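All values derive from a computational prediction rather than experimental measurement. By convention in this document, chain letters (A, B, ...) are assigned in the order of the sequence lines, proteins followed by strands, and residues within each chain are numbered from 1.
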There are 2 protein chains.
Amino acid sequence: MATIYDVSVLAGVSLATVSRVMNKNAKVSEKTEKKVLDAMAQLGYRPNAIAQSLASNCSNSVGVLVSELRGHFYGSMMSGIEAEFRIAHKHVIIAAGHSEEQLEKEGIEFLISRRCDALILHVEAVSDEYLIELCKGSIPVILINRYIEQIEDRCVHLNNELGGYIATKAVIDQGHRDIAYIAGPYWKEDAQNRLHGHKRALAEHGLTFHEQLVFEGDYREESGAKGFRALHDTNFPFSALVCANDEMASGAMDAVRGKGLSMPNDMSVMGFDNNVLANYMFPKLSSVDYPIAEMGHMAAKMVLKQCYQSPQTNLNNIFDPKLVLRDSISLR
Amino acid sequence: MATIYDVSVLAGVSLATVSRVMNKNAKVSEKTEKKVLDAMAQLGYRPNAIAQSLASNCSNSVGVLVSELRGHFYGSMMSGIEAEFRIAHKHVIIAAGHSEEQLEKEGIEFLISRRCDALILHVEAVSDEYLIELCKGSIPVILINRYIEQIEDRCVHLNNELGGYIATKAVIDQGHRDIAYIAGPYWKEDAQNRLHGHKRALAEHGLTFHEQLVFEGDYREESGAKGFRALHDTNFPFSALVCANDEMASGAMDAVRGKGLSMPNDMSVMGFDNNVLANYMFPKLSSVDYPIAEMGHMAAKMVLKQCYQSPQTNLNNIFDPKLVLRDSISLR
DNA sequence: GTTATAAATGAAAGCGCTTACATAACAATA
DNA sequence: TATTGTTATGTAAGCGCTTTCATTTATAAC
């Protein structure tokens with residue numbers, strides 16, 4: 001593999017000159033430029049990004065840590081980030097944390113050791129303190145989907161409370177009065193916030209909140225089915241079910257059918273996240289869109305501004321979810 | 001950020017010694033080792049992977065090029081690859097090619113310029129010749145989901161013909177005799193192969209193939225719906241529909257319902273790929289599993305063997321898809 | 001034709017490591 | 001104690017670039 005030295009020899013110029021034509025950061029006469037370009041082409045020269053990074057102390061790449069490489073949510077997030085960086089000719093180095101503290105830390109170490117110019121993290125297991133400490137370091141960090149007050153300007157997150165509110169309000173607007181709710185695990189902040197929004201929507205519309213109409217799930221499909229059965233078995237009547245995510249809604253829908261009820265007439269169902277799945281279910285699931293791709297774009301823009309002096313406007317940290325109505329909710 | 005030099009000074013030893021304790025590749029007395037380790041801890045030293053790569057000419061990372069960062073298929077693929085490398089303490093650098101020749105080439109260039117020790121590629125737009133040429137280079141390449149005869153030992157691919165066969169046979173085994181088929185775009189080799197398998201299954205079971213019962217889709221949902229309507233409108237009767245992927249099956253299922261038919265009684269539907277979606281549809285879609293995650297594992301194992309001298313057994317290039325029966329097919 | 005000034009180029013140090021080779025330290029043997 | 005063989009450690013070159021600073025060359029002004 002040809003090096004800059006080979007190019008310089010073939011072109012009959014110095015290393016510095018070759019470097020200049022590569023980086024276009026200093027005037028080079030047209031004649032020499034051509035000689036160099038020709039030599040590069042002839043040798044099939046590819047600059048060694050590793051050596052460039054070492055010498056310039058800038059890797060032109062940003063580290064992204066996601067919990068998983070698979071799944072709609074992370075896919076959209078990575079996709080949003082990558083799209084933004086691609087046009088800026090920056091690159092992305094991805095690592096997976098698997099929601100385990102040890103692995104998340106290792107992932108971050110890896111990205112730092114690769115001298116990423118900035119980090120965009122989706123982490124769950126690592127502590128607030130660790131992240132606050134990390135932010136004090138020299139390398140810029142953006143957190144997606146996590147809110148920590150002390151470093152709030154580095155957090156890009158969703159207004160989950162509003163999302164919970166919107167979801168329930170959508171159902172109320174269709175005339176439902178008896179509304180059950182399958183929540184996410186209470187130890188997760190987003191689950192708490194969504195539930196809070198649900199309660200606020202009820203209150204603002206003069207409906208009372210009943211403990212019997214809430215079930216704590218774990219965001220997985222099976223817990224949705226389990227939740228619906230549990231709620232149904234209490235015989236506390238309800239005509240609509242709001243779920244804190246789409247997977248649980250799917251599980252719940254199976255259970256609804258299992259009870260011989262039809263949707264949306266006997267039971268309206270509302271999801272959350274607007275996972276691709278929502279569009280493939282039957283009936284197509286109404287949901288609250290989680291604009292994770294846009295949030296990825298935003299995180300990338302912040303990095304572009306902070307690290308690469310790219311001018312950026314309209315930066316904001318908190319995103320509002322939006323209602324997506326499909327077929328799973330009926331008028332009552 | 002502390003360097004190896006800072007460590008060596010603090011520990012009162014030479015750079016070389018520090019390097020030795022990091023890499024454990026030469027004997028260092030326990031006493032000095034401890035001094036070095038202490039110094040590292042005290043400084044919070046993190047080796048600079050960039051400098052290591054440059055000096056050692058080995059980056060301990062392998063480049064992965066996918067078409068998209070989102071979507072079940074690529075997510076599973078990346079996940080499989082990453083899982084395998086994680087236990088070997090190798091890392092993955094991911095780039096996206098977006099199925100465009102230019103971007104695919106740029107992605108490959110990027111990965112090479114980052115001096116990845118090997119490449120795992122899922123490319124569609126780039127020519128066979130380009131890839132054959134690439135394989136002649138010094139850096140090992142594995143191709144996923146593509147078969148090129150001249151470099152077949154570097155290709156990890158699916159037996160699509162068998163998949164098409166299995167899909168149709170599953171339907172035949174349930175007693176269906178009149179079977180329609182929505183194919184992928186004919187310019188794609190996998191679409192051709194799946195269709196071929198379909199025809200073989202018909203032939204082997206004494207059924208004749210009718211041109212009127214095939215529709216060429218484009219693998220997207222909408223074309224499934226369009227396909228079913230077109231097939232249905234010919235009035236050529238069929239009781240089962242085999243689709244060359246799950247998205248088209250989903251579109252078709254919508255169209256089936258649109259015609260007031262119920263599934264699976266009036267119409268059995270078979271998918272292909274076993275996308276997560278299949279499990280969320282109603283009725284749950286029977287499909288042919290595309291073991292892309294395992295194929296990712298396999299590609300990673302091949303790299304581990306070729307580049308990192310890790311002993312590996314049971315390597316194989318071609319994978320057989322497997323039938324996954326769910327609720328979308330009825331007995332006839 | 002000088003001289004002053006700007007533009008183009010080159011020489012060389014340095015980025016943070018690895019590693020071949022040289023040297024020092026130590027133990028074992030005669 | 002001198003000699004040899006081991007083992008531990010240090011020295012310094014080099015990986016492929018960037019970048020500062022010095023030097024050369026071209027251009028303009030007088």
Exercise for the section: May I ask you to verify if any side-chain N or O of A/Y5 is less than 4.0 angstrom from the OP1 or OP2 atom of D/dG14? Expected result: no
Exercise for the section: Please tell me which of the listed nucleotides, C/dC17, C/dA11, D/dT9, lies nearest to the side chain of B/R20? Expected result: D/dT9
Exercise for the section: Between D/dC17, C/dA8, C/dG16, spot the one nearest the side chain of B/I4, thanks. Expected result: C/dG16
Practice task
Examine distances only and state if a side-chain atom of B/E104 and a backbone atom of B/V123 form a donor-acceptor pair shorter than 3.5 Å.
Solution key: no
Handout entry: Interatomic distance, A/L54 CG vs C/dA13 P [rounded to whole Å]
Key = 17 Å
Practice task
Describe the nucleic acid contact of A/S19 in one word from base, sugar-phosphate, nothing, applying a heavy-atom distance below 4.0 Å.
Solution key: base
Practice task
Give a yes/no on whether any side-chain N or O of B/S14 is located under 4.0 angstrom from OP1 or OP2 of D/dG10.
Solution key: yes
Fill in the blank from the handout: Per atom distances to the A/S56 side chain, the nearest of C/dT9, D/dT18, D/dC15 is D/dT18
Handout entry: 4.5 Å side-chain heavy-atom contact, A/N317 and A/E152
Key = no
Practice task
Look at the side-chain N and O atoms of B/N25 and state whether any lies under 4.0 Å from the OP1 or OP2 oxygen of C/dT18.
Solution key: no
Problem - Base D/dG16 paired with B/R115 side chain (donor-acceptor, <3.5 Å) - result: no
Practice task
Could you state the atom-to-atom distance from NZ of B/K27 to C1' of D/dT6 in whole Å?
Solution key: 13 Å
Exercise for the section: Have a look at A/S53 and say if it touches a base, only the backbone sugar-phosphate, or nothing, with a 4.0 Å heavy-atom cut-off. Expected result: nothing
Exercise for the section: State whether A/T3 places a side-chain N or O below 4.0 Å from either non-bridging phosphate oxygen (OP1 or OP2) of D/dC15. Expected result: no
Exercise for the section: With heavy atoms under 4.0 Å as the rule, sort B/N48 into base, sugar-phosphate or nothing. Expected result: sugar-phosphate
Practice task
Take atom NZ of A/K24 and atom C1' of C/dA8, then tell me their distance rounded to the nearest Å.
Solution key: 17 Å
Practice task
Run the numbers on A/L158 and A/Y290 for side-chain contact (heavy atoms from CB on, under 4.5 Å), then give the verdict.
Solution key: CA-CA 8 Å; A/L158 185 77; A/Y290 194 132; 3.6 Å; yes
Problem - Pi-cation contact, B/Y308 with B/K90 (under 6.0 Å, within 45°) - result: yes
Handout entry: N/O donor-acceptor pair under 3.5 Å between A/R115 side chain and A/S59 backbone
Key = no
Practice task
Look at all strands and tell whether A/V13 reaches a base, only sugar-phosphate, or nothing, counting heavy atoms closer than 4.0 Å.
Solution key: sugar-phosphate
Practice task
Ignoring hydrogens and angles, tell me if any N or O in the side chain of A/D6 forms a donor-acceptor pair with the backbone of A/T3 under 3.5 Å.
Solution key: yes
Practice task
Select from A/V18 and B/A16 the residue whose nearest nucleotide in DNA chain D is closer to the 5' end of that strand.
Solution key: B/A16
Practice task
Look at B/S29 and D/dT9 and indicate whether a side-chain polar atom (N or O) is within less than 4.0 Å of OP1 or OP2.
Solution key: yes
Handout entry: Phosphate-side-chain proximity, A/Q52 and D/dG16, N/O vs OP1/OP2 below 4.0 Å
Key = no
Exercise for the section: Check whether any side-chain nitrogen or oxygen of B/T17 sits under 4.0 Å from OP1 or OP2 of D/dG10, and answer yes or no. Expected result: yes
Practice task
Give B/V28 one of three labels, base, sugar-phosphate or nothing, depending on what nucleic acid heavy atoms sit under 4.0 Å from its own.
Solution key: sugar-phosphate
Completion exercise
Of B/E33 and A/N23, the one whose nearest nucleotide on DNA chain D sits closer to the 5' end is B/E33
Practice task
Kindly indicate whether the side chain of A/R46 and the base of D/dG16 share any N or O donor-acceptor pair separated by less than 3.5 Å?
Solution key: no
